[in-house]
Amino acid sequence: MAAPPASALTSSNPSTIAQEMSRDPGTFFVNGRILAKAGAGLEGQPTFADSMFVRNGVIAAIGSRDNIASQLNLPADVTVTDLNNKTVLPGFVDGHMHIFLLGQSLRKVDLKHCKNLDDIRATVKAYATSHPEVPRILCKGWMHSMTPGDVTASLLDDIDPRAIFIDSKDLHFTWCNSAGLAELGVADMPDPAGGTIYRDADGKPSGVLSEGAVLSIVWPHQALVASPEDRQAAILAAIQTYSAAGYTGLVEMAMDEPIWDALIALRASNPDLLPMRIAAYWLIKPAADPEARLRQVRRAAELHAQLNATTSPDLRIAGIKVICDGVIDACTAFVSEPYGAPGPGSPTPHGPHPPPIWTPEDLAPVVRAADDAGLQIALHAIGDAAVRTAVDALENLHHASPGRQRRHRIEHLELVSPEDAKRLGKAGITASIQPVHADPAILRAWPRLLGRERCGRAFAYREFADGGALLALGSDSPTAPWEPLHNVYVATTRRSAREPECEEVVNEHFRLGVCEAIAAATEGTAASVFAEGRVGSLAVGKMADFAVFDMEWDAKSLLKSALKETWFSGRRVFKSEK
């Protein structure tokens, strides 16, 4: 494809570039397929340049090799890097993830291979036997379908005397043994707002906590029992893992005091350890007391005033996060019509038609206070009724002052009515989507839980885009795989990245184009947090954040792509050994 015109190759101020070049010869990347522009819409096509000049961590020119060399009069000692016809994409920005939980999960016992209770017990037992030194046993990947019937602490108690905590795959449930329950101290604790501490017939905690109980009891406990050094180590592990996947930025969606303190300490001790641009949303936990809810918003506003896009663009508090409902698979997402008969192992404590975690009456003051404080708002809403509540709340803010750009957002949007899909763009709401959750391999219970007709409305990304909503594409790691081009594969083919041999397609008419999905995972996510002026695309004047892939520009071939290098501010932070 043709290179961009000469006017797009360099800064409009040649003297500025000349001044910069006097300090550092820079790096000249040549012989590549550098994404200079991603075409819009389903049929959008890419425009590639063959060369890019990076100077002091910033892109100084992008275009043809000859034009850049002649216009900039590059010094003799410039470093020339041959890209060998590899594809260069903007550094990916994960639009929704959990950095500390990801770091912790990298060291947790993975149960994803388990098929039943016996498999789970054997896996946990094997780990416990081989790791006598750990103070507690942390596991991940439990799915309700693995454990027909109710699960209890007693099913784990004979494995090991240490506390055992098992995260459900979606992170909305935690199953623990009696030692774990004792650590949490929930015996005489009432159910927290929006959550459940499951109990037996005698009223004693039975071993499972869900939704708001996970947010306000389990997560804070696990963060607090980890030493500051352990918290920092988990965050560093997550960042290194993300650099090795092609990410240069992320949007953290469950920030709290212990995690924030660890991030600040890491940056203070060694900024070079954080080659990741982080915008965080402060988690607002459900509370019965309205003042307790607003107090959390004020804390987020206080931190935002200190570290924001102006004062600290690469580590900042962007806004608040409110979890309005649960998830489809556990029948806790807030839907407009009752669920079908729940399957074995799917706890439904509220029956077939559970209420939301946040009512409109409780939500309205929180979003108003956040908006007044200049905070962005992210509302987790999966079921169609929760989505409608979220759109209503954010639309009201939009109508109050329609000229103001807020870029408030809704997370997940898994089941959305046609009417609400159209309202997103009109109200300036960002659609924060995670295509890896649309993988057919993990949706096989949906027809039974929702019925075929409602399943036909699942993951309506095409409608969001056509309605003018800004798309921000993320992974929700560690609840799902985080490889960015696997995410793009599901978004563009609606087929399974987990089971590539599976021929099932989920609502193909809602698919995105390859350019469209890559843009949503880079510039779209950057724009969602007002960072598109610095990152998200490969353009003159932007930070030199990019990823080098060996890949074909074809939706069906994306799973074969291989990341070769990741660059952050013009510095290589990952190189594949393969």
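Since the structure is predicted, the reported quantities are computational estimates derived from the model, not experimental observations. Only this structure's heavy atoms are used, side chains among them; waters, hydrogens and symmetry mates stay out.
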Please tell me if the side chains of Arg457 and Phe510 come closer than 4.5 Å, counting only heavy atoms from C-beta onward.
-> yes

Under 4.0 Å between a Lys/Arg side-chain N and an Asp/Glu carboxylate O for Glu532 and Arg407?
-> yes

With side chains defined as the heavy atoms from C-beta onward, is the minimum distance between Val529 and Tyr281 less than 4.5 Å?
-> yes

Within the side chain of Thr332, is there an N or O that forms a donor-acceptor pair under 3.5 Å with the backbone of Val327?
-> yes

With a 6.0 Å cut-off on ring centres, are Trp553 and Phe48 close enough?
-> yes

Result of checking Val387, Ile382, Leu363 against Cys324 for side chain to side chain contact (heavy atoms under 4.5 Å, CB included) = Leu363

Tell me, do Leu485 and Phe549 make a side-chain contact under 4.5 Å, heavy atoms counted?
-> yes

When Leu379 is tested against each of Asp325, Thr389, Val322, Ile320 for side chain to side chain contact (heavy atoms under 4.5 Å, CB included), which residue passes?
-> Val322

Do you know which two heavy atoms are closest between Lys542 and Val535, and how far apart they sit?
-> NZ-O, 3.8 Å

On a heavy-atom basis, the closest approach of Ala465 and Leu512 is CB-CD2, 4.4 Å

For Ala300 and Ile317, work out which heavy atoms get closest and say how close.
-> O-CG2, 3.9 Å

Kindly write out the residues that satisfy salt bridge (Lys or Arg N to Asp or Glu O under 4.0 Å) with Asp261, not counting sequence neighbours, or none if the list is empty.
-> none

Whether over 12 other heavy atoms sit under 6.0 Å from Glu453 CD = no

Under the side chain to side chain contact (heavy atoms under 4.5 Å, CB included) rule, what do Ile259 and Asp256 come out as? Steps first, then yes or no, please.
-> CA-CA 6 Å; Ile259 303 171; Asp256 64 8; 3.2 Å; yes

Applying side-chain contact (heavy atoms from CB on, under 4.5 Å) to Gln232 and not counting sequence neighbours gives Ala262, Ala265, Leu266

By side-chain contact (heavy atoms from CB on, under 4.5 Å), which residues pair with Ala521, not counting sequence neighbours?
-> Phe92, Leu473

Going through the distances and angles, do Leu443 and Asp329 end up as a side chain to side chain contact (heavy atoms under 4.5 Å, CB included)?
-> CA-CA 8 Å; Leu443 300 178; Asp329 292 273; 5.5 Å; no

Worked verdict on Ser336 versus Asp384 for side-chain hydrogen bond (donor to acceptor under 3.5 Å, both in side chains) = CA-CA 6 Å; Ser336 57; Asp384 61 326; 2.5 Å; yes

Sequence neighbours excluded, the answer for side-chain contact (heavy atoms from CB on, under 4.5 Å) partners of Thr479 is Leu171, His437, Asp476

Can you check side chain to side chain contact (heavy atoms under 4.5 Å, CB included) on Ile377 and Lys321, steps first, answer last?
-> CA-CA 6 Å; Ile377 298 160; Lys321 159 83 172 297; over 6 Å; no

Does a donor on one side chain sit under 3.5 Å from an acceptor on the other, for Tyr242 and Ser475?
-> yes

For Ala497 and Leu559, work out which heavy atoms get closest and say how close.
-> CB-CD2, 3.9 Å

Are the aromatic rings of Phe546 and Phe29 close, with centres under 6.0 Å apart?
-> yes

Would you check if the side chain of Arg404 reaches a backbone N or O of Ser401 as a donor-acceptor pair within less than 3.5 Å?
-> no

Arg495 to Val505 - nearest heavy-atom pair and separation | CG-CG2, 3.7 Å

Heavy atoms, side chains only, cut-off 4.5 Å: are Leu250 and Val93 in contact?
-> no

Tell me, please, which residues at least two apart from Asp420 pass salt bridge (Lys or Arg N to Asp or Glu O under 4.0 Å).
-> Arg388, Arg423

Residue pairs involving residues 364-421 (criterion ring-ring contact (aromatic ring centres under 6.0 Å, His included); sequence neighbours excluded) | His96-His412, His172-His380, His380-His412

Side chain of Asn487, backbone of Ala517: donor and acceptor closer than 3.5 Å?
-> no

Salt bridge Arg409-Glu411, side-chain N to carboxylate O under 4.0 Å | yes

Quick one: salt bridge (Lys or Arg N to Asp or Glu O under 4.0 Å) partners of Arg534, sequence neighbours excluded?
-> Asp314

Greater than 12 external heavy atoms within 6.0 Å of Lys37's NZ | no

Donor-acceptor pair, side chain of Arg33 and main chain of Ala49, under 3.5 angstrom = no

All salt bridge (Lys or Arg N to Asp or Glu O under 4.0 Å) counterparts of Glu516, not counting sequence neighbours | Arg462

State which residues pass ring-ring contact (aromatic ring centres under 6.0 Å, His included) with Trp260; sequence neighbours excluded, sorted by chain then number.
-> none

Does a side-chain N-to-carboxylate-O contact under 4.0 Å join Asp545 and Arg277?
-> yes

Rounded to the nearest 0.5 Å, how far apart are OG of Ser569 and CZ of Arg571?
-> 7.5 Å

Residue pairs passing the side-chain hydrogen bond (donor to acceptor under 3.5 Å, both in side chains) test where at least one lies in residues 300-313, sequence neighbours excluded = Arg267-Ser312, Arg299-Glu302, Asn308-Thr311

Tell me, please, which residues at least two apart from Trp219 pass ring-ring contact (aromatic ring centres under 6.0 Å, His included).
-> none

Would you check if Ile323 and Trp358 make a side-chain contact, meaning some heavy-atom pair closer than 4.5 Å?
-> no

pair Tyr247-Thr566: side-chain heavy atoms closer than 4.5 Å = no

For residues Asp371 and Arg406, determine if any side-chain heavy atom of one lies less than 4.5 Å from a side-chain heavy atom of the other.
-> yes

Contacts of Leu424 that satisfy side-chain contact (heavy atoms from CB on, under 4.5 Å) - sequence neighbours left out | Val391, Ile410, Leu413, Ile429, Ala431, Phe464, Ala469

Using a 4.5 Å cut-off on heavy atoms from C-beta on, say whether the side chain of Ile284 contacts that of Trp282.
-> yes

Can we say Arg494 and Glu508 salt-bridge, meaning some charged N sits less than 4.0 Å from an Asp/Glu carboxylate O?
-> no

